[in-house]
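A short write-up of the structure that comes next.
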Amino acid sequence: MFRVDGYKSKNVSIKGLKMDFKKINLDTEHTNTNYPPSKNKKVSVDYSKLREWDFKLLSYFKPFYAPLCNLCCLCTYGKCDLSKNKKGGCGINLEKQQARIVLLACCIGASTHAAHARHIVDHILEENPNLKIDYGNAINIVAPLSTTITGITPKTADDLDKILVYVEREITNLLAATHTGQEGSYLDFESKALHAGMIDNLALEIAELAQINYYNLHKGEPNTPLIDIGLGVIDDQKPIILCIGHNIAPGVEIIDYIDDMDLSEDIEVCGLCCTAIDISRYSKESKIVGPISRQLMFIKSGIPDIVVLDEQCIRADILELCAEQNIPIIATSDKCSLGLIEMTSKDENIIIHELLSNKHKGALIKDMAKVGKVAVGLALLLKKNQKPKQEHRNIDISELINGCTECEWCNRVCPAMLPIKEAFVLGKNGDLSGFSALYGMCVGCGKCMGECERELPIIDIIRIASKDKIASERFKIRAGRGPIQDIEIRKVGAPIVLGDIPGVIVLAGCSNYHNGENEIALITEEFLKRGYIVVAAGCVAMDIGLYMDKDGKTLYEKFSGDFDKGGLLNVGPCVANAHAIGSAIKIANIFAKIPLENNFTNVADYILNRVGACVIAWGAMSQKAVAIATGANRWGIPAVVGPHSSKYRRLYLGESELREITDKRTNEKVKCEPAPLHLIYCAESMNECMAMVAKSCIRPNDTPKGRLIKLTHYVDIYKKYYGCLPDDLHLYIRNEREIPYEDKKEILKFLKEKEWNPRNAPNEPSIL
Amino acid sequence: MFRVDGYKSKNVSIKGLKMDFKKINLDTEHTNTNYPPSKNKKVSVDYSKLREWDFKLLSYFKPFYAPLCNLCCLCTYGKCDLSKNKKGGCGINLEKQQARIVLLACCIGASTHAAHARHIVDHILEENPNLKIDYGNAINIVAPLSTTITGITPKTADDLDKILVYVEREITNLLAATHTGQEGSYLDFESKALHAGMIDNLALEIAELAQINYYNLHKGEPNTPLIDIGLGVIDDQKPIILCIGHNIAPGVEIIDYIDDMDLSEDIEVCGLCCTAIDISRYSKESKIVGPISRQLMFIKSGIPDIVVLDEQCIRADILELCAEQNIPIIATSDKCSLGLIEMTSKDENIIIHELLSNKHKGALIKDMAKVGKVAVGLALLLKKNQKPKQEHRNIDISELINGCTECEWCNRVCPAMLPIKEAFVLGKNGDLSGFSALYGMCVGCGKCMGECERELPIIDIIRIASKDKIASERFKIRAGRGPIQDIEIRKVGAPIVLGDIPGVIVLAGCSNYHNGENEIALITEEFLKRGYIVVAAGCVAMDIGLYMDKDGKTLYEKFSGDFDKGGLLNVGPCVANAHAIGSAIKIANIFAKIPLENNFTNVADYILNRVGACVIAWGAMSQKAVAIATGANRWGIPAVVGPHSSKYRRLYLGESELREITDKRTNEKVKCEPAPLHLIYCAESMNECMAMVAKSCIRPNDTPKGRLIKLTHYVDIYKKYYGCLPDDLHLYIRNEREIPYEDKKEILKFLKEKEWNPRNAPNEPSIL
Amino acid sequence: MSAWNPALSSPNQAIICSPKIAALTIKQSKNPMFVMGSLLNVIPEEIAEYAIKIAKLKHMTVVSTGGSNIMLSKLNFKPHYNIGAVELINHLKDSNWNGFCGKGNYDLICFIGVPYYIGSQGLSTLKNFAPHLKTITLCKFMHPNADLSYPNMSYDGWVIYLSKLVEYME
Amino acid sequence: MSAWNPALSSPNQAIICSPKIAALTIKQSKNPMFVMGSLLNVIPEEIAEYAIKIAKLKHMTVVSTGGSNIMLSKLNFKPHYNIGAVELINHLKDSNWNGFCGKGNYDLICFIGVPYYIGSQGLSTLKNFAPHLKTITLCKFMHPNADLSYPNMSYDGWVIYLSKLVEYME
């Protein structure tokens, strides 16, 4: 909703102008005539060709399995014990089972994004079927993933629908392969997982195309507004509507209704998880509480007056949690209905009345406009009636702390292995620093409380002990900008070739960190300072907003939002990861003139060998995250994940030795550095992550100058975080010109030990 | 393929007629004008209304959970220990997790059938897009499920496609709800599982409509030919092509090519699992090896010369197993590609050459016509070259038997808990009867061999010890007939109302029996003798064919194939379960004139309260089986499963007391017997199954005469299998006229003890 | 001692018990139930005989499931109730259930002769959702989901365990 | 003794070992490796000191992972190799791997200081896919996926176990 109450200039006078972008066709001139108009035919993609690519890829990057569970309980032959790679009743062994479970996870992840996209696209088809799909004049390559995968560049909602129909067909087919007695090869399971990942990425793009156009969100502006983020920014004197999830639809209607009613001064709308990022793309007045890790704590604080859920990343116990705090819930999605009575067809006032009367813990309302009205009306009334706030918002915690028996089970089940018991021990002596130290380290899962024999509300104790910390939690995050402009890609051509920009780092994934949320900010800062471009989306974009450097500035305030040297881009919510992958595709198209239509293999081969991009998913938790990363892998983009992600149970590892690839110009096999070394790798520590990411930006086609600079960073980072030279440095130096100046002497000695010899770089490196 | 080499009558002379039904439009006159022509609009179904039905259903039949695993390892917050209903890191507890896993299983099951249907429909769209969809003149209600759920009665391949697009959309959406952090209520998980089940059933119907029409399979003929079944019927003097799986496509092409080449005398084509049933619908010369439980043993026997795989119910180690026996594999599906090199685009002769040269263990060929040529060509050549047969086809087993250390681990991991060690103990004394007793009891999973510290080939030992038994395993099964005719439904109206036909029993599911395959035949026989109609599909249709009664006759030889009193119908493969559910829908439509279009709730309510149908899935093993049964449940059809199916971890249980339902005529609440008692129930033993099934055919709207007869069977069966009167008999007797004659005195005494009082039957029982 | 099928292992396993402990447990219970499953019909009679003896010694509520009444009535024993094993578990997991005699739910449920897999699943329901009661199995196979379980045994070992239990109960 | 996180239980659990057994196991190995993980950087120095002592006593191949070289070099110890923990596991699971010195794969892999979850996963890989080698963990937390593991301990208990191990090795 765009609104101008009054404006007057020399030639124009406006009064009370309201524009609802959802209803308007911005028929901007289409300049992207490169792509053929979409036909009415079904989308069809040759899986056989993709499978061939997968097998190529997997011949360099071999699946590595670390079972999280040795059993299979999916059919009634079981439970089967597959440990030591034994076979189960259906003939599957532990190795294949791992690959199968990864495929299942990728299918679940892809389905989630696809269902999300489906919701928005169906909504558009109903409300504004003629909506034109584009990103304005600065962006010709509107849908790099769709174009490359399907040959279709969507221009209408119908096109989006058509691609989604393909996505849904593929997911169904892939899921079928996880059925007992279907696929019998880990390699084919992996090919399917890669396919599911790519399909996931495609769904991301469709979701973004749909919501950015329908809700008129930022279409690639680098300098989007800075938005408030942090528990400290929420004004609890106002009625507070908290939106949780990933789907912008209800949030938009709430904001529009508040606007319509002129209530923006009177109501606080805030968000948790990707929905927060999304509504901040729609209205710069909305506030962000934080990532998923803040959900449990914020609900238990009793601060929100009403909680509106859409879908994804919602705690499964949200209804019980909110009921404890007398917070009514409005569920809005088929995917998260919580057993609530559906009230979609009821009158708003009746719904408000029923929810006020406490007869129901919440309502399911699938009409988004109605959600807006009910949420706002209810919030105002609840605040007016001053619903009884829960006592323990400012509970006396010392007594609770003294109740701890020090059984240590909290520590034992804590995913982050935090010293909770130790905080209690300190706390008994009146020292709360142990608890406040946990704030920002805790991932907010609440397992400690479930295990506590005294049922102590540990999360509340942490919150209350961290009061000051929370009050000062007032940070800034740049609103999600959406896609990268074509012109930006063009501009970074030279600096990337010359190494001035040593790489593009994509931050993705959730907030399940093993060592606190600060590490990802430190990683980001390290690479930004070195001139890498960092593109963030989703929870991690929020997490890095929760960090201040020595000057008291967040990284968003310190680094620009341009896709350029040292730029830090918040592209948007999780689904905006499509833009990050899209930027790599655009590089292939804009620099190398590689045509995109139906050209997945060549584009991915180009990215793998020539685009120095690397994903970091330091806190990846969900099936969506594994789908996104696996998709990125198929596009040729390596990923580094955090220690917890070893529980995804599969990595793709290359070998640390010269590898044979093809020089496409001469069509000869050539020996070449292993770059990227791995396709997906799990680092043990921040130190390892730093070095691995620096190394993962190296590519076979680096110019000597570019390689020199990349290696300078690699060596510098390695020395900083390992205290020595990397053991594999000799593999990446092709000739003396590429040896970093600073440590040249030491390196020359090292090269001699390794019996290093110079070699030529391939002209056109390829694994095809 | 229909072929007449030569025929001469008075008026007609035919020579060399060949008709390929796949290419012909049988434009039979459409009499089903009841249904509006399908429009070009998307299929759209109101889930909210269905959810309301689910919640009603679940208020009578409450979910009962028996966790098979207490842990959750689906995201990286985990692994979480949910035992004792604790919460995991995402807030889910053990109860919700069970519901979530059931939903996941239903999604996997539904996706498998949907992907199967998709394969055939896409094939039709390519090869014969104008194919008309119908079942001939005897069947007006062509697509009872599609019509009821979607309002569309498919008439063309495009219609099938459109419905499948809906199916795929729903599966994607449902799968998304299993993602960490989505649904948070076990009730909504269950509603979604029921939805996934219904969607699965819909996919079954689409698959059947497609394949029956495209391949011109039987369209509801009661008296289809009797087909050879059993390991003993395979002629191993001929080259043997074994088809395994569920998709008819490659089998048809093999048979057609054999026909084209006039080779039917020279080659043996046989099938395992549903593909076997399918090809026996296409060619009465094809033979059936048996259900899934025979797979491991038959492959290890080395008898097949070539194995052609399509999809589903294929052992995950099939490639290794066949390689051990030097049997080349042709994989034909994206869903089961086994890591094989794709040779679709290669010349047939080159493929045959490469496979003969042993360079590859097999090939992936996705062009079905090519599969036919390669399989046949290769089989002939392999037989000619007399490939070295594996030694242990007639190995000396006594030495092997003596190798047993009697560690008993075989027994410990056997899903059926068979006395394998005990067979070895006997065997050491030269008595092989222990092993031959295992034949027919063993589900063929092979876990015993994986666990054996001496790596003894236990399955081979069983096979060799059972040589005579196997040689005499020559049985008959009636070929799959497809749908039930409308006229048949009409004819059973009176006998069903009068109790002459006390119920319709649907046999579904796999061959994972806990006490041997004979039990299901005994159950079937018991009910057939009593005049119940028994409709079988899939593996279970084969299992009951493997049993001979005292007269040396199989049940198929003894009982007619009519949908009438004491009829035993093999409707076809697993997907033919749609016809069984469809028959219940047709009863609602034909008897009660309940309109079908978009009328799911009323149809299901009718079936639940008035159609005495009950599913038995005695050996249900797969996710497909759970999807089918859950779908049947949503249609109001109860199911009884075997002990192993407790591992599906969720049942829907009613309470054994009078329940309050609605009399639709008076719109009053009335007390009524709990009929059906449960919606899905797991019986501990065959005895319990017998009684529960008899009880599950009782319905609130039974006429007094009908109820009397149903109760007569219930009491008779109970006394036979429990040795006493059922404890709950008083609940089902509404007035004295309904008391079975035989035991009237005893029952009257019992009723008095129970303080029984007569009551009126509701006029129009309903739970709406 | 692990489960008969080791795949059934889980974080909380049954405590293995001797006949003595079993006897003590049963004796100490206030309102015990003895569930006799369908396998009694297919295993030697003596097992059912032991079961009946045990039940009589403590006046336990005896429930016959899956048709074991056939064997029990052959031995002239009339169980208090015939009900499906799953239906029974469904009652037991409800702490407010009134029991068959209206005296409330039971405090100890003793199992014998229910087929292993369905028994294991039923025990899983009780273990996870019925904190108000205790379960003990007197079967031949170790049941990880019970609170107390006999170990895996040979048939002869089992008979000895059962006879000893009778001794300790007397 | 169960795993630190009981959810990590599985049918085959590590044997809990005392410092004596650990010492014996290491002594008897022919080609042992000692993996020193990144936690050495963040826990008290003395742990790394013990680890170094142990490694030296048996001349073990010392591999530093995740940046623990920072601490090791602070203590003037140069590990034989710096490599990622996952990369190392990937080598180890290959029975044909030649080892860092070309002498073939190792027979005993001793772990300390690798973060628990990723350590547990790496051990799972070895347990299930590397029957050719044995693993032992000297960490503060019980590792169910190792062959041999120290029990869950307090910090002080851990130091005692490590010092005793050094004693037995000497």
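Since this is a predicted model, take the numbers as computed values, not measurements. Chain letters run A, B, ... following the sequence lines, proteins first, then strands; residues in each count from 1.
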Contact class of B:Ile318 relative to chain A, heavy atoms under 4.5 angstrom: neither
B:Asp54 versus B:Ser191, side-chain donor and acceptor atoms under 3.5 Å: yes
Among B:Asn93, B:Asp188, B:Val626, residue most engaged with chain A (heavy-atom pairs, under 4.5 Å): B:Asp188
Residue part contacting chain A, namely of B:Cys73, when any heavy atom lies under 4.5 Å: both
Options B:Gln312, B:His644, B:Lys87, ranked by heavy-atom pairs under 4.5 Å with chain A, top entry: B:Gln312
Nearest-0.5 Å distance that lies between atom CG in A:Leu94 and atom CG in A:Asp81: 9.0 Å
Modelled atom types, side-chain donor and acceptor of A:Glu170 and A:His195, under 3.5 Å: yes
Region of B:Lys79 that comes under 4.5 Å of a non-hydrogen atom in chain A: both
Donor on one side chain, acceptor on other, A:Lys624 and A:His246, under 3.5 Å: yes
Straight-line distance of B:Lys335 NZ to B:Asn247 CG, nearest 0.5 Å: 6.5 Å
Option that, when pairs with chain A are counted at under 4.5 Å, heavy atom only, ranks first among B:Leu71, B:Ile101, B:Asn173, B:Ile92: B:Asn173
Residue among A:Ser622, A:Ser333, A:Pro415, A:Ala625 with most heavy-atom pairs under 4.5 Å to chain B: A:Ser622
B:Arg169 versus chain A, the contacting section by heavy-atom distance below 4.5 Å: both
Winner by heavy-atom pair count (cut-off under 4.5 Å) against chain B, out of A:Ala176, A:Cys445, A:Gly184: A:Ala176
A:Glu183 side chain to B:Ser337 backbone, donor-acceptor under 3.5 Å: yes
Max heavy-atom pair count under 4.5 Å with chain B, selected residue of A:Cys69, A:Gly91, A:Cys313: A:Gly91
Under 4.5 Å from a heavy atom of chain A, the part of B:Cys273 involved: neither
Heavy-atom proximity to chain A below 4.5 Å, by part of B:Leu125: side chain
Residue selection (most heavy-atom pairs with chain A, distance under 4.5 Å) from B:Lys84, B:Lys192, B:His113: B:Lys192
Part of B:Ile314 within contact of chain A (heavy atom distance under 4.5 Å): both
Heavy-atom pairs under 4.5 Å with chain A, option from B:Met449, B:Arg118, B:Glu451, B:His179 with the top count: B:His179
